[in-house]
Amino acid sequence: VKAVAVNSNVKYDENGRQLYRYGTCQDITETQRIMDDLIMARRQAEESDRLKTTFLANFSHEIRTPLNAMMGMAYLIRGAGVTPEQAARLDKIDLSGRHLLEILNAILDLSKIEADKLVLDETTLHIEAVFANVVSMMQERAHAKGLWLEVDCQSVATPLLGDPTRLQQGLLNYLGNAIKFTERGHIVL
């Protein structure tokens, strides 16, 4: 099947009488094929994006449910009374679980960013608390490598607004890389 573009015009004299008609015919079969391919590729990309979103939503649910159950059980065990050593282990389970939940949220955030649907929080930032959370999650990793973590966090006179979760994710990433690539000494956050 051939695709043809037809263009026709009429030439008039100064009195508005038709003098003649002229036109062109152009074979646009290849152009039409390319356009059809682009439309199909776009539909496939949209379907792929929809499937990815569905997968991530299901993935998130399937991981969160057992993870929350494990963290809940650790909480219940702690409430039943444990030794200090057991409490420290339960703290590590809880900290690791919260960190895994944050990783899951980061994966979902990437999907939201791609879909232009990520909304940043704009709440009062408690910088000291964000830094403390980050250090508590990474302290053991640093100590395992023989590294010392130092926090240089000065109080701010004016309240800051921002997204504490995204700030914490960024700091965890920076600190994780610093620990990974530092052989000895200390790291200042």
Side-chain angles (χ1 to χ4, degrees), residues 1 3 5 28-80 87-142 144-145 149 159-181 187 189:
V1 176
I28 60 164
T29 305
E30 184 63 17
T31 303
Q32 188 63 47
R33 186 193 62 74
I34 291 170
M35 291 295 292
D36 291 345
D37 288 350
L38 287 172
I39 289 169
M40 181 60 74
R42 180 179 180 185
R43 286 183 183 148
Q44 288 173 343
E46 288 170 349
E47 177 65 9
S48 175
D49 192 47
R50 187 189 66 73
L51 290 172
K52 180 184 75 171
T53 301
T54 301
F55 169 78
L56 285 174
N58 290 335
F59 168 80
S60 168
H61 175 73
E62 293 301 321
I63 299 245
R64 283 173 196 259
T65 301
L67 184 58
N68 282 325
M70 290 185 311
M71 291 169 61
M73 289 305 292
Y75 175 80
L76 291 174
I77 291 169
R78 180 189 319 269
R89 289 178 180 166
L90 289 171
D91 287 342
K92 289 177 186 175
I93 290 172
D94 185 58
L95 193 59
S96 296
R98 283 188 283 131
H99 183 62
L100 188 53
L101 282 174
E102 287 175 7
I103 290 170
L104 218 92
N105 289 334
I107 292 169
L108 295 173
D109 287 348
L110 284 175
S111 180
K112 288 178 186 176
I113 289 169
E114 288 174 355
D116 247 358
K117 294 182 179 177
L118 179 69
V119 178
L120 296 176
D121 288 339
E122 193 172 304
T123 59
T124 302
L125 281 173
H126 301 284
I127 299 295
E128 296 85 1
V130 173
F131 273 58
N133 285 343
V134 169
V135 168
S136 71
M137 285 188 245
M138 303 301 277
Q139 187 84 33
E140 189 172 313
R141 234 173 103 187
K145 278 190 77 176
L149 292 182
L160 300 175
L161 293 179
D163 191 324
T165 302
R166 302 306 179 275
L167 177 60
Q168 182 170 302
Q169 286 172 341
L171 290 172
L172 279 169
N173 188 38
Y174 288 136
L175 188 54
N177 284 334
I179 292 169
K180 181 177 179 180
F181 296 108
I187 298 167
L189 178 66

Flag, side chain of Asp163 to backbone of Asp121, donor-acceptor distance under 3.5 Å: yes
side-chain contact (heavy atoms from CB on, under 4.5 Å) between Gln168 and Leu172, intermediate numbers included: CA-CA 6 Å; Gln168 182 170 302; Leu172 279 169; 4.1 Å; yes
Starting from the C-alpha separation in whole Å, work towards a yes-or-no answer on side-chain contact (heavy atoms from CB on, under 4.5 Å) for Leu171 and Asn133. CA-CA 10 Å; Leu171 290 172; Asn133 285 343; over 6 Å; no
Can you check whether Leu161's main-chain N or O pairs, donor with acceptor, with Thr124's side chain at less than 3.5 Å? no
Check Val130 against Pro164 and note the closest heavy-atom contact, atom names and distance. CG2-CB, 4.2 Å
One should read off an interatomic distance between Ile93 CD1 and Ile77 CD1, to the nearest 0.5 angstrom, of 7.0 Å
Are the side chains of Leu189 and Leu149 in touch, meaning some heavy atoms are under 4.5 Å apart? no
Just verifying a value: how many Å separate Ile187 CD1 and Phe181 CZ, rounded to the nearest 0.5 Å? 11.5 Å
Can you tell me how far CG of Leu100 sits from CD1 of Ile63, rounded to the nearest 0.5 angstrom? 7.0 Å
Please report the interatomic distance CE(Met71) to CG(Leu90), rounded to the nearest 0.5 Å. 12.0 Å
Check: Arg43 and Ile39 side chains under 4.5 Å, non-hydrogen atoms: yes
Would you compute the distance between atom CG of Leu160 and atom OG1 of Thr123 and round it to the nearest 0.5 angstrom? 11.0 Å
Residue among Arg42, Gln44, Arg50 satisfying side-chain hydrogen bond (donor to acceptor under 3.5 Å, both in side chains) with Glu46: Arg42
Nearest 0.5 Å, what's the CG-CZ distance between Leu38 and Arg33? 9.5 Å
Are any of the side-chain heavy atoms of Leu104 and Leu67 separated by less than 4.5 Å? no
Looking only at heavy atoms, which two atoms of Lys145 and Lys180 are closest? And how far apart? NZ-O, 3.2 Å
If you look at every heavy atom in Ile179 and Met138, which pair is closest and at what distance? CD1-O, 3.7 Å
Surrounding CD of Glu140 (heavy atoms of other residues, nucleotides or ligands, distance under 6.0 Å), is the total greater than 12? no
Does the side chain of Asn173 pick up a donor-acceptor pair with the side chain of Gln169 at under 3.5 Å? no
Which heavy atom of Ala3 sits nearest to which heavy atom of Thr29, and what is that distance? N-OG1, 3.0 Å
